[in-house]
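Working notes for the structure below.
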Amino acid sequence: MHLNPYGEDAVNLAAALANRRPATAGELAERCQDAGLVLESPVTPQDLDRTLAVLDAWEQVVDAADEQARAELVNRMLAASAAHPRLTDHAGSGWHLHYRDDHRPLGSVLSSLISVGTALHLVGRGMHRLRRCAVHGCSTIFADTSRTGRQRYCSHRCANLDAVRRHRARAARS
Ligand SMILES: [Zn+2]
Ligand SMILES: [Zn+2]
């Protein structure tokens, strides 16, 4: 996975892992690989623990009350995971930036990837573009990468559900 300037893949991976948390180290490895991450070493239960802790911190970023609080929480995550950036061509697929040291275990890689990716997403697209679905009873998190930045639902399914609900509410009133 190359961290693009908007951090899109990293922030989407964070949302996917937070919405459906991996139960085992094996599942974590598989889902990271599917997302395009190159695994440099075997994934251990410690990696899973670290990742779940990172996701806890990340959900606080999602649920932050305002931009100031959100920035502060992201800064805390960055401080806990940052190393100096470096150029690498480790996968032979082109030079890109890593925001972490080489040969780190997956939990530590995800800590850097998720904090830097989220920071890039928020400053690149807008501080408000990370939230939970607006449908009552659906708490799915999504990164809003829409053109307008006004995405309210996690999926078409939820958008339709809410449209039907609003339609019924209007019909009941009239
Ligand atoms: Zn890389
Ligand atoms: Zn939803």
Side-chain angles (χ1 to χ4, degrees), residues 1-22 28-44 47 50-51 54-55 58-64 77-78 80-121 124-126 128-169:
M1 173 183 292
H2 291 194
L3 207 48
N4 71 29
Y6 289 109
E8 188 169 331
D9 293 339
V11 79
N12 284 336
L13 175 62
L17 293 175
N19 288 330
R20 189 166 57 83
R21 293 199 174 209
L28 175 63
E30 196 172 305
R31 290 175 60 190
C32 286
Q33 256 171 333
D34 289 348
L37 218 67
V38 180
L39 303 183
E40 294 171 341
S41 50
V43 178
T44 66
D47 289 316
R50 173 92 191 258
T51 302
V54 168
L55 293 175
W58 189 76
E59 285 205 35
Q60 287 186 25
V61 171
V62 173
D63 296 326
M77 288 186 75
L78 287 167
S81 68
H84 62 83
R86 66 187 66 217
L87 289 167
T88 176
D89 186 24
H90 64 106
S93 58
W95 290 95
H96 56 286
L97 268 177
H98 273 187
Y99 293 85
R100 53 174 168 87
D101 301 329
D102 292 332
H103 309 296
R104 300 296 304 155
L106 181 63
S108 155
V109 168
L110 284 176
S111 172
S112 300
L113 195 65
I114 288 173
S115 26
V116 176
T118 301
L120 290 173
H121 170 74
R125 300 220 200 238
H128 65 288
R129 282 170 174 255
L130 187 61
R131 66 179 80 88
R132 291 181 192 267
C133 182
V135 165
H136 185 73
C138 176
S139 56
T140 300
I141 302 166
F142 64 90
D144 183 353
T145 55
S146 68
R147 197 178 48 79
T148 58
R150 292 205 198 98
Q151 187 183 335
R152 298 184 62 227
Y153 306 103
C154 69
S155 59
H156 288 300
R157 189 174 162 275
C158 272
N160 290 338
L161 268 178
D162 211 42
V164 169
R165 188 192 56 75
R166 276 181 284 132
H167 178 78
R168 285 205 187 119

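Nothing fancy with the numbering, it's 1 onward along the sequence. Atoms within each ligand, like the ligands themselves, are counted from 1 in listed order. Quantities reported herein were computed from a predicted structural model and do not represent experimental measurements.
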Closest approach to the Zn ion (ligand 1) by H90, given as the N, O or S atom name: NE2
Nearest to the Zn ion (ligand 1) - the N/O/S atom of H98, by atom name: NE2
Ring centroid separation H90 to H103 under 6.0 Å: no
Exam field: side chain D144 to backbone L130, donor-acceptor pair closer than 3.5 Å: no
Sub-4.5 Å side-chain heavy-atom contact between P105 and T44: no
Angular separation of SG (C158) and SG (C154) seen from the Zn ion (ligand 2), to 10°: 110°
Side-chain heavy atoms of D47 within contact of L110, under 4.5 Å: no
